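So the structure is just underneath, and the comments pick up after that.
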Amino acid sequence: AESRIVLGGGGQLEEGRLSDRMSHPGNAWVGCWRSVRSVPAHKQRRLFDVEREAERALHDLANISPPMLLHQLLRCGFAAGFH
């Protein structure tokens with residue numbers, strides 16, 4: 001389950017490997033590790049779209065009803081009081 005990965009910056013090469021726990025024969029991660037191509041993080045598709053989620057949060061805040069706003073504020077207040 002060994003492969004080579006390229007580290008950013010200085011172009012250094014370092015061995016990449018799965019942990020001992022994930023390297024047991026028959027583990028699904030071993031097959032996945034061997035079958036995928038290594039891609040630097042800056043070239044990978046983002047898993048979380050920050051702009052879309054911010055727009056969604058602002059939309060929800062702009063459209064929340066007063067009773068629901070009070071409900072959410074009370075929940076936050078009680079949660080903060082217990083911590």
Side-chain angles (χ1 to χ4, degrees):
E2 296 285 328
S3 70
R4 295 189 67 77
I5 57 172
V6 178
L7 300 178
Q12 302 168 344
L13 290 176
E14 187 174 295
E15 293 295 325
R17 67 178 193 86
L18 290 170
S19 68
D20 291 337
R21 182 174 63 93
M22 292 295 183
S23 297
H24 287 274
N27 189 314
W29 287 108
V30 173
C32 289
W33 183 264
R34 288 183 179 149
S35 67
V36 297
R37 181 173 53 97
S38 66
V39 178
H42 73 278
K43 291 185 177 180
Q44 296 177 15
R45 184 178 63 86
R46 289 184 177 205
L47 299 175
F48 182 77
D49 186 350
V50 177
E51 290 181 17
R52 187 182 80 211
E53 295 303 322
E55 289 289 333
R56 181 180 289 169
L58 291 174
H59 177 267
D60 290 346
L61 285 173
N63 295 309
I64 194 167
S65 66
M68 184 56 75
L69 177 61
L70 179 61
H71 176 76
Q72 293 296 326
L73 289 173
L74 287 173
R75 289 178 68 183
C76 290
F78 284 127
F82 285 113
H83 289 286

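Each residue takes its place number in the sequence, starting with 1. Here the structure is a predicted model, which is why all the values come from computation and not from measurement.
Remark: Asn63 pairs with His59 by the side chain to side chain donor-acceptor pair (under 3.5 Å) rule, at least two apart or across chains. Residues forming a side chain to side chain donor-acceptor pair (under 3.5 Å) with His42 (at least two apart in sequence, or on another chain): none. The side-chain contact (heavy atoms from CB on, under 4.5 Å) test applied to His24 returns no partner, not counting sequence neighbours. When the side-chain contact (heavy atoms from CB on, under 4.5 Å) test is applied to Gln72, the partners found at least two apart in sequence or on another chain are Ile64, Met68, Arg75. Applying the side-chain contact (heavy atoms from CB on, under 4.5 Å) criterion to Leu61, with sequence neighbours excluded, gives no partner residue.
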Side-chain donor-acceptor distances from residues 43-54 under 3.5 Å, at least two apart:
from	atom 1	to	atom 2	distance (Å)
Gln44	NE2	Val39	O	2.8
Asp49	OD1	Glu51	N	3.3
Asp49	OD1	Arg52	N	3.4

